[in-house]
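Quick note: residue numbers are just sequence positions, from 1.
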Amino acid sequence: MTTEILAGLSLFALVSSITPGPNNIMLMTSGVNYGIKRTLPHMFGVGLGFTLMIAAVGLGVMVAFDRFPVVYSILRVVSLVYLLYLAYRIATANEANWQTKNTGRPMTFLQAALFQWVNPKAWTMALTAITVYAPGREVSSILFVALVFGVINLPCISSWVMAGTKLRYFLSKPRTLRMFNVSMAVLLVASVLPSLV
């Protein structure tokens with residue numbers, strides 16, 4: 001891989017990882033509602049899950065989509081339904097757990113890792129990364145693309161968790177927190193519309 005291609009891949013990974021999307025919105029919301037310590041499994045699940053997803057997409061999932069395009073269409077519908085469910089859960093979340101003895105819990109490591117498979121933005125990022133930066137689908141190229149994304153993605157998503165933890169003290173009133181959660185639910189839905197259209 002040339003320096004120019006590596007620079008392009010790194011820039012693509014940075015821009016696509018740090019911009020708003022389902023993962024980042026949910027991580028920021030989790031930071032607000034649960035704090036950084038309880039959000040860490042969610043964050044690491046996103047980071048590792050997405051890295052593994054890119055590798056899996058390059059190593060064979062794209063072939064299934066090429067042969068059976070209906071599978072991709074079904075995946076888009078399932079993704080939208082699941083994201084609407086998550087948006088509803090966020091919008092109707094109770095008071096933040098750091099203020100009450102609420103028994104709510106953030107996403108687990110495994111849930112966050114598996115969520116990548118129904119995240120339209122993650123699919124768009126993975127398919128684009130493999131198509132553009134590993135077009136020959138050589139194993140070494142695919143694994144290198146996944147590694148670059150893994151290294152760049154984790155600091156990007158952690159910045160959203162940190163932003164959420166900084167916001168939590170400004171959202172100490174139940175009404176303000178409710179407005180924040182509803183806003184994040186709306187943004188979650190809005191963030192996937194470009195990927196689905």
What verdict does the side chain to side chain donor-acceptor pair (under 3.5 Å) test give for K121 and T19, after you've listed the backbone C-alpha separation in whole Å, the side-chain angles of each residue and the deciding distance to 0.1 Å?
CA-CA 10 Å; K121 183 181 177 189; T19 52; 3.0 Å; yes
With side-chain contact (heavy atoms from CB on, under 4.5 Å) as the criterion, how do F180 and M28 come out once you've worked through the C-alpha distance, each side chain's angles and the decisive distance to 0.1 Å?
CA-CA 11 Å; F180 171 81; M28 184 168 73; 4.2 Å; yes
Working note: Y88 + L84, criterion side-chain contact (heavy atoms from CB on, under 4.5 Å); need CA distance, chi angles, decisive distance, verdict.
CA-CA 6 Å; Y88 169 77; L84 289 173; over 6 Å; no
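In this structure, F115 and L86 have side chains that are in contact, with non-hydrogen atoms separated by less than 4.5 Å. For the pair M43/F109, no side-chain contact is recorded, criterion being any heavy-atom separation below 4.5 Å from C-beta on. A heavy-atom distance below 4.5 Å is not found between the side chains of F170 and T176. You'll find the side chain of I36 reaches within 4.5 Å of the side chain of M162, heavy atoms only.
Residues I74 and Y85 share a hydrophobic cluster, clusters being chains of Ile/Leu/Val/Met/Phe/Trp/Tyr side chains in contact below 4.5 Å. A continuous path of Ile, Leu, Val, Met, Phe, Trp and Tyr side chains, each step under 4.5 Å between heavy atoms, connects I152 with V132, placing both in one hydrophobic cluster. By the criterion of side-chain heavy atoms lying less than 4.5 angstrom apart, applied directly or through intervening Ile, Leu, Val, Met, Phe, Trp or Tyr residues, V70 is grouped together with V118 in one hydrophobic cluster. Note on I25: it clusters hydrophobically with Y82, by side-chain heavy-atom contacts below 4.5 Å among ILVMFWY residues. Residues F44 and L52 fall within the same hydrophobic cluster, defined by Ile, Leu, Val, Met, Phe, Trp and Tyr side chains chained together at heavy-atom separations under 4.5 Å.
R38 and R105 get closest at one heavy-atom pair: NH2-CA, 3.6 Å. The nearest pair of heavy atoms linking M107 to A112 is SD-CA, 3.8 Å. Taking each heavy atom of P120 and L83 in turn, the nearest pair found is CD-CD1, 3.1 Å. Considering every non-hydrogen atom in both I142 and A55, the closest pair reads CG2-O, 3.7 Å. Scanning all heavy atoms of the two residues, the minimum distance from G35 to T165 falls at C-CG2, 3.9 Å. For the residue pair V32 and G164, the shortest heavy atom distance occurs at CG2-O, 3.2 Å.
Rounded to the nearest 0.5 Å, atoms CG (L27) and OG (S158) are 9.5 Å apart. Once rounded to the nearest 0.5 Å, the distance linking CG of L154 with OG of S17 reads 10.0 Å. The distance from the CZ atom of R89 to the OG1 atom of T92 is 7.0 Å, given to the nearest 0.5 Å. Distance check, rounded to the nearest 0.5 Å: CG of L48 to CG of L110 gives 11.0 Å. The structure places CG of L177 at 10.0 Å from CZ of R168, a figure rounded to the nearest 0.5 Å. Residue T51 holds its OG1 atom at 11.5 Å from CG of L143, rounded to the nearest 0.5 Å.
With hydrogens and angles ignored, the 3.5 Å screen pairs no side-chain donor or acceptor of N23 with any backbone N or O of I157. The backbone N or O of H42 sits nowhere less than 3.5 Å from a side-chain atom of T39 that would complete a donor-acceptor pair. A donor-acceptor contact shorter than 3.5 Å is absent between the side chain of T128 and the backbone of M125. For the pair S141 (side chain) and R137 (backbone), a donor-acceptor distance under 3.5 Å is absent. Using modelled atom types, one side-chain atom of Q111 and one backbone atom of T108 make a donor-acceptor pair closer than 3.5 Å. The backbone N or O of T29 lies less than 3.5 Å from a partner atom in the side chain of N33, making a donor-acceptor pair.
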List the atom pairs, with distances to 0.1 Å, where a side-chain N or O of residues 3-15 and a protein N or O form a donor-acceptor pair under 3.5 Å, not counting sequence neighbours.
| residue | atom | partner | partner atom | Å |
| --- | --- | --- | --- | --- |
| S10 | OG | L6 | O | 2.8 |

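The aromatic rings of W123 and W117 lie perpendicular to each other, with more than 60° between the two planes, well past the 30° mark.
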